[in-house]
Amino acid sequence: MSRSQQNEWNPIVETKVPIGAPQEPTNSKLFSPLTIKNTTFHNRIVVSPMCMYSSKDGMFNSQFHMAHYGSFAIRGPGLMFIEASGVLPEGRISPEDMGIWSPAHRDAFIPIIQLCQKTGVKIGIQLAHAGRKASTYSMFRQGTSADKEGVDDEHGGWTPNGASSIPWNDHFRVPHEMSEEEIAKAVAAFGQSAKWADEAGFDVIEIHGAHGYLINSFLSPISNHRTDKYGGSFENRTRFLLEILESVQQNWPKDKPLFVRISATEWHNNPDEPSWDLDQSIKLSAILKEKGVDLIDCSSGGNTPTQTFKPANPEDVKLADAPAPEGAEGTTVGHHTLGSLQAAKQDAEKIKNPMVMFQLPFAAAVKEKVDILTGAVGFITHPYQMESIIRSNKADLVFMAREFLRDPNLVYNAADQLGVKVQWLRQHERGQFM
């Protein structure tokens with residue numbers, strides 16, 4: 001090493017212990033590692049993909065996005081996902097959505113990937129195509145996500161593509177029913193984007209097959225009225241996703257993890273109309289497992305405006321018992337006393353929102369029936385809820401979105417409440433003491 005290299009100063013250096021990893025043995029299952037193929041996540045906490053509607057021409061923004069994702073990358077989740085990124089320009093939800101459809105898009109991600117490599121946080125990207133829900137206004141340009149409207153051509157919009165020419169609702173643009181040639185183009189685009197994701201250095205890919213976007217619109221008989229080989233039977237409706245999976249696998253290393261996000265049910269409130277449900281999700285997940293998918297990220301809804309979300313059965317989301325304190329639990333550092341699993345459980349039991357963890361039964365069912373790793377997501381708001389999900393073996397990773405927006409220090413604070421001493425970024429270390 002030259003003298004100039006020895007004297008070179010870098011504020012963020014590669015850590016021997018990943019940020020957010022336990023510094024000593026712990027009772028916590030949330031802060032236990034998980035290895036998938038050649039990748040080890042140092043805890044089970046995941047920054048879920050979250051659309052930020054802040055891109056120009058689909059590009060990762062060196063100011064906003066670097067600050068946004070960087071705030072998580074230096075605070076220790078086991079895995080952080082970049083938001084849904086369109087594999088084609090017309091695959092974006094809004095004109096301000098992220099994309100990965102060119103080498104320039106690939107290269108724009110490299111700085112955040114390099115930061116994650118230094119802190120030990122694994123980084124993934126969600127590959128997406130919005131389908132019939134494309135070309136809509138972002139929530140802070142017009143209305144909210146619940147009452148979006150289609151963007152016309154004059155304001156940067158485009159005619160969206162879909163499984164069938166059925167709009168999501170009366171305010172969205174009417175989609176163009178994709179020809180088989182257009183389907184082949186989209187399939188190839190997923191594969192090419194996977195290749196660019198690997199070249200950029202991403203650790204994980206998640207294929208977005210949920211929330212009413214293009215893949216989901218092919219899966220569901222609500223939105224897929226086709227009469228060709230991509231419509232009708234379960235086998236035909238799943239064909240598009242399986243072709244995408246094959247295209248991605250041809251361009252993504254076999255030793256890197258591959259996830260798929262699904263809407264496990266559509267919550268359709270018309271029992272007389274066929275829709276996508278948990279039984280079909282379990283059947284699909286078994287096929288995906290057989291074809292090499294490593295984890296099913298179990299969300300729900302998003303494909304019909306008639307959806308009605310319902311709370312889970314309380315027994316299905318009952319908090320797991322907390323063991324007696326061990327290790328750092330309850331110990332005092334400086335003037336600060338760490339929490340414990342038992343105290344955290346008591347605190348979590350005070351939460352009375354009936355929708356808490358309402359999607360967890362889907363992850364648990366897929367995991368039990370298919371014997372595949374699953375991710376839990378949705379209305380998970382307390383560290384012991386996260387702990388309980390892993391401790392009860394109902395899911396293997398916990399995907400958190402809004403909680404990270406409310407609290408970028410979620411990993412540090414969860415560790416503190418559960419009584420786990422974790423590695424902090426050296427610039428943050430003084431924040432551990434009171």
**OP:** Determine, for Glu349 against Lys345, whether the closest basic-nitrogen to carboxylate-oxygen distance falls under 4.0 angstrom.
**Re:** yes
With side chain to side chain donor-acceptor pair (under 3.5 Å) as the test, would you mind laying out the steps for Ser54 and His65 before giving the verdict? CA-CA 8 Å; Ser54 298; His65 288 122; 4.9 Å; no
Please test Glu182 against Lys185 for salt bridge (Lys or Arg N to Asp or Glu O under 4.0 Å), starting from the C-alpha separation and ending with a verdict. CA-CA 5 Å; Glu182 289 167 327; Lys185 176 186 174 183; over 6 Å; no
* Are any of the side-chain heavy atoms of Arg75 and His428 separated by less than 4.5 Å? -> yes
* After noting the C-alpha distance and the side-chain angles of Trp276 and Leu284, does the key distance pass the side-chain contact (heavy atoms from CB on, under 4.5 Å) rule? -> CA-CA 11 Å; Trp276 185 263; Leu284 172 63; 3.8 Å; yes
Asn270 atom CG, over 12 foreign heavy atoms within 6.0 Å: yes
Value for CD (Glu387) from CG (Asn27), rounded to nearest 0.5 Å, stands at 8.0 Å
(message) Looking at Ser281 and Ala264, would you say the former's side chain and the latter's main chain have a donor-acceptor pair under 3.5 Å?
(response) yes
Please test Ile123 against Phe202 for side-chain contact (heavy atoms from CB on, under 4.5 Å), starting from the C-alpha separation and ending with a verdict.
CA-CA 6 Å; Ile123 183 169; Phe202 282 103; 3.8 Å; yes
Ring pair (Phe, Tyr, Trp, His ring centres under 6.0 Å) filter on His68, not counting sequence neighbours, yields Phe64, Phe72
**Asked** If only atom types and distance count, is the side chain of Lys289 paired as donor or acceptor with the main-chain N or O of Val370 below 3.5 Å?
**Response** yes
*asked:* Using a strict threshold of under 4.0 Å (side-chain N to carboxylate O), is an ion pair present between Arg239 and Glu235?
replied: no
Rounded to the nearest 0.5 angstrom, the CZ-CD distance for Phe379 and Gln359 is 9.0 Å
Across all chains, not counting sequence neighbours, the side-chain contact (heavy atoms from CB on, under 4.5 Å) partners of Gln307 are Trp267, Thr304, Phe309
Angle between ring planes, Phe218 versus Tyr230, binned at 30° and 60°: parallel, tilted or perpendicular? perpendicular
dist Met386:CE -> Ser28:OG (nearest 0.5 Å) comes out at 9.0 Å
Measure the shortest side-chain to side-chain distance between Leu341 and Arg391 over non-hydrogen atoms and say whether it is less than 4.5 angstrom.
yes
Residues at least two apart in sequence or cross-chain that pass ring pair (Phe, Tyr, Trp, His ring centres under 6.0 Å) with Trp101, listed by chain then number, are His105
CD1 of Ile372 to CD1 of Ile296, rounded to nearest 0.5 Å, is 4.0 Å
### Task
Give the intermediate values and the outcome of side chain to side chain donor-acceptor pair (under 3.5 Å) for residues Asp203 and Thr39.
CA-CA 8 Å; Asp203 299 300; Thr39 301; 5.4 Å; no
Does NZ in Lys367 sit with more than 12 non-hydrogen atoms of other residues, nucleotides or ligands closer than 6.0 Å? yes
In this structure, CG of Leu241 is separated from CG of Asn216 (nearest 0.5 Å) by 10.0 Å
So CH2 of Trp252 and CD1 of Ile207: to nearest 0.5 Å the spacing works out to 10.5 Å
